[in-house]
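Just below is one structure, and these are the notes that go with it.
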Amino acid sequence: MPLFSSAFSPKKTPPRKSASLSNLHTLDYSTRAVELGLDYGAPSVTIGNQKLVFLDDGEWAAESVGGGGGAAGGAALKRLEQRNHSLEEENFLLKLKLTLLMDMLCESTADSQHLERQLARLKSRSKEARR
């Protein structure tokens with residue numbers, strides 16, 4: 001019995017039939033869109049009872065899903081907008097304070113370096129005077 005012979009030999013697979021038996025590939029795009037339902041509409045996402053729809057101008061628009069959430073959603077949106085506005089103002093104020101502190105630090109560092117140079121000059125003069 002040879003080592004490399006195989007007792008198992010699978011049957012060959014039959015050749016495939018033609019790729020497509022339908023005539024849909026001969027239809028133009030608009031007819032295929034109608035036949036196959038390729039027009040899905042605008043993309044949308046539903047989170048909780050809030051539905052966001054993507055508009056043609058690249059913006060997301062909110063729509064209410066379910067009942068009773070419209071007034072509460074509007075109040076929550078108003079609170080969030082006020083909170084966002086106050087946080088933006090606080091952020092602006094903190095950036096302004098940071099800028100002022102950096103300016104003060106730069107000024108004090110420059111003064112310190114200037115005083116160190118003067119001190120070094122005075123020390124070198126006093127050493128020369130002692131000699």
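Worth saying up front: this structure is predicted, and the values here are computed from it rather than measured.
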Rounded to the nearest 0.5 Å, how far does [atom2] of [Y] lie from [atom1] of [X]?
| X | Y | atom1 | atom2 | value |
| --- | --- | --- | --- | --- |
| Gln82 | Leu87 | CD | CG | 12.0 Å |
| His114 | Arg117 | NE2 | CZ | 8.0 Å |
| Arg83 | Lys78 | CZ | NZ | 16.0 Å |
| Leu98 | Leu93 | CG | CG | 11.5 Å |
| Asn84 | Asn91 | CG | CG | 10.5 Å |

Check whether any side-chain N or O of Ser112 sits under 3.5 Å from a backbone N or O of Ser108 as a donor-acceptor pair, and report yes or no.
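The answer is no, because no donor-acceptor pair under 3.5 Å joins these two groups.
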Do Trp60 and Ile47 land in one hydrophobic cluster if side-chain heavy atoms of ILVMFWY residues count as linked below 4.5 Å?
yes
Are Phe92 and Leu94 connected in the hydrophobic side-chain network, where two residues link if heavy atoms are under 4.5 Å apart?
no
Would you name the heavy atoms of Leu55 and Ala61 that are closest together and state the gap between them?
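Closest pair (atom of Leu55, atom of Ala61, distance): CD1-CB, 3.7 Å.
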Any heavy-atom pair between the side chains of Glu81 and His85 that's under 4.5 Å?
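No, their side chains stay 4.5 Å or more apart.
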Might you confirm whether atom CG of Asp56 has over 12 heavy atoms from other residues, nucleotides or ligands at distances under 6.0 Å?
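Atom CG in Asp56 is not crowded, with 12 or fewer foreign heavy atoms closer than 6.0 Å.
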Mind running side chain to side chain contact (heavy atoms under 4.5 Å, CB included) on Lys97 and Leu100 for me, showing each step along the way?
CA-CA 5 Å; Lys97 286 181 178 181; Leu100 288 173; 5.7 Å; no
